[in-house]
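Supplied in C-alpha cells, the structure appears directly below.
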Amino acid sequence: MILALVPMRDLLDRACEKGIAVGAFSVGNMEMVMGAVKAAQELETPIILQIAEVRLKNSPLELMGPMMISAAENADIDIAVHLDHGLKPETVAQALDIGFSSVMFDGSLLALEKNIETVKNIVKLASDYDATVEAELGIVGGNEGEGKQHKILCTDPEDAKHFCDETGVDALAVAIGNAHGNYPVLPELRFDVLEEIHKRVSTPLVLHGGTGISDEQFRKAISLGIRKINIATASFDNLAAYAKAYCANKDKANYFELSAAEVEGVYQNVKRHIKVFSFMD
Ligand code: 13P
C-alpha cells in the first residue's frame with residue numbers, strides 16, 4: 001500500500017513550481033470522498049479533501065476525519081486532508097489529533113492583531129504535527145454554511161504582508177470579491193487587489209468561494225498567485241442533482257444505485273475543476 005497522506009504545504013509548493021492551483025474539495029459523506037478521490041486518481045492529480053467546522057453537525061469530525069485520512073492513505077495519488085474554516089482552537093486541535101495534515105483557522109472576523117495572535121498559536125501547535133496552516137484576512141462574502149451572510153471586505157495588501165510576516169502561515173485566504181455559495185451573477189473579482197497582494201507576499205494564496213467562478217477567472221487568479229481553490233457548493237449541488245435525476249426515473253429507488261449516483265455527481269464536478277486548475281485540456 002502506498003501511503004499518500006501528505007502535508008498540504010507539499011502540494012502548494014508543487015503547485016507554485018508548476019504555476020497551477022490545487023483543488024480543495026469539500027466532502028460531507030463517504031460518497032463525496034469516493035467521488036473526489038476517483039476523479040483525482042483518474043487524472044493523476046493531487047487534491048485536498050476538506051471539511052469545514054460548520055459542517056460537523058451534519059458530518060461529525062470523529063466519523064469523517066478517519067474516513068478522509070484512510071481515503072488519502074489508500075489512494076495512489078497524494079492527498080492532503082484539511083480542516084476548512086476552523087473557528088475554535090479546540091476543533092483545530094481535535095483535527096490535528098485525528099491526523100489531519102492541514103488546518104485552517106478563520107480569524108477573519110477578529111481585529112487584525114487578535115487574528116495574528118491566534119494564528120501564531122495555531123502555527124505553533126500545528127508544527128508539533130508537521131501540519132500546514134491556512135489563515136484568512138479580509139472578509140469573503142456569503143457564508144460557509146447557513147447563518148449571517150458576510151459583506152465582502154477586500155484584503156488590504158499591506159495588512160497581508162504584515163500578517164504573513166508576523167504569523168508565518170503556510171497559506172493565506174484572500175478576499176477579492178469572492179463569496180461562498182452560488183453567486184447571483186458572475187462576480188467581479190478584484191484582480192488589481194490580488195496583484196498587489198501577490199507583489200508583497202510570497203505565501204501561497206487561497207481562493208475561497210470557487211463555485212460559480214468562470215474558468216477564465218480561475219486561470220487569471222492562478223496567474224496572480226492563487227495556489228489553492230476551494231469548491232464546496234458545486235459538489236453538494238451536483239450530488240443532489242444526480243440523486244434527484246436517479247430517483248425521478250424510478251418507481252422504487254434502490255439505495256445502492258442512489259449511492260453510486262451520488263459518487264458520480266461529485267466525481268463529475270471534481271474532475272471538471274481539476275482540469276481547469278491544472279490547465280489540462
Ligand atoms: P463554495 O461553496 O462557493 O464553492 O465555496 C467553498 C469554500 O470556499 C469553502 O471554504
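Any value given below was found using the heavy atoms of this structure, including those in side chains, with hydrogens, waters and symmetry copies removed.
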query = Is a donor on one side and an acceptor on the other found under 3.5 Å between the side chain of Asn178 and the backbone of Ile176?
reply = yes

query = Under a 4.5 Å cut-off applied to non-hydrogen side-chain atoms, are Asp78 and Arg14 in contact?
reply = yes

message = Going by ring-ring contact (aromatic ring centres under 6.0 Å, His included), name the pairs with one or both residues in residues 156-212, residues two or more places apart or in two chains.
response =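 Those involving residues 156-212 are His85-His180, His85-His208, His180-His208.
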
query = Between Lys120 and Glu117, is the closest basic N to carboxylate O distance under 4.0 Å?
reply =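 So Glu117 does not pair with Lys120 through a salt bridge.
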
key: Student check: side-chain heavy atoms of Arg219 and Phe279 closer than 4.5 Å   =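 Yes - at least one pair of side-chain heavy atoms lies under 4.5 Å apart.
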
message = Is there a side-chain contact between Ile229 and Phe218 in this structure, where contact means two heavy atoms from C-beta onward sitting under 4.5 Å apart?
response =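 When only atoms from C-beta onward are counted, Phe218 and Ile229 do touch, with a gap below 4.5 Å.
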
ask   = How far apart are the closest heavy atoms of Ala36 and Ile47, and which atoms are they?
value =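 Heavy-atom minimum between the residues: O-CD1, 3.7 Å.
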
ask   = Taking everything shown except Lys151 itself, do over 12 heavy atoms lie less than 6.0 Å from its NZ?
value =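 It does not: Lys151 NZ has 12 such atoms or fewer within range.
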
key: Reported OG1-to-CG distance for the pair Thr118 and Asp106, which is rounded to 0.5 angstrom   =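 Thr118 OG1 to Asp106 CG: 11.0 Å, rounded to 0.5 Å.
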
key: Leu49 and Val33, any side-chain heavy atoms less than 4.5 Å apart   =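 Yes - at least one pair of side-chain heavy atoms lies under 4.5 Å apart.
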
inquiry  = If we count only N and O atoms by modelled type, under 3.5 Å, do the side chains of Ser235 and Asn269 hold a donor and an acceptor together?
reply    = yes

query = Hey, are Lys199 and Glu195 close enough for a salt bridge, meaning a charged N less than 4.0 Å from a carboxylate O?
reply =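 Looking at Glu195 together with Lys199, the answer is no, because their closest N to O distance does not fall below 4.0 Å.
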
message = Side chains of Glu262 and Asn29 only: does a donor on one sit below 3.5 Å from an acceptor on the other?
response = yes

task = Taking the side chain as every heavy atom from C-beta outward, state whether Leu207 and Lys228 have any pair of such atoms under 4.5 Å apart.
result = no

request  = Answer whether the closest heavy-atom distance between the side chains of Arg227 and Ile222 falls below 4.5 Å.
outcome  =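 Arg227 vs Ile222: side chains touch.
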
query = Taking atom types as modelled and ignoring hydrogens, do the side chains of Lys250 and Tyr246 form a donor-acceptor contact shorter than 3.5 angstrom?
reply = no

message = For the residue pair Tyr242 / Gln268, report whether a side-chain donor-acceptor contact shorter than 3.5 Å exists.
response =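 Not at all, the side chains of Gln268 and Tyr242 share no donor-acceptor pair under 3.5 Å.
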
query = Can you find a pair of side-chain heavy atoms, one from Glu134 and one from Leu172, that are under 4.5 Å apart?
reply = no

Validation: residues 92-101 side-chain donor-acceptor distances under 3.5 Å, sequence neighbours left out:
unit_1	atom_1	unit_2	atom_2	d
Asp97	OD1	Tyr129	OH	2.6
Ser101	OG	Val6	O	2.8
Ser101	OG	Val81	N	3.1

message = Within the 4.5 Å heavy-atom criterion, are Ile77 and Thr45 side-chain neighbours or not?
response = no

key: Residue pair Gly212 / Leu186: nearest heavy atoms and the distance that separates them   =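 Minimum heavy-atom contact is O-CD1, 3.5 Å.
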
Note: Asp237-Lys244 ion pair, threshold 4.0 Å (strictly below) = no

query = Is Lys161 salt-bridged to Asp156, cutoff N-O under 4.0 Å?
reply =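 Looking at Asp156 together with Lys161, the answer is no, because their closest N to O distance does not fall below 4.0 Å.
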
message = Counting neighbours of CD on Glu62 that are heavy atoms of other residues, nucleotides or ligands and sit closer than 6.0 Å, is the number greater than 12?
response = yes

task = Can you spot which of Leu153, Val119, Thr155 makes a side-chain contact (heavy atoms from CB on, under 4.5 Å) with Leu137?
result = Thr155

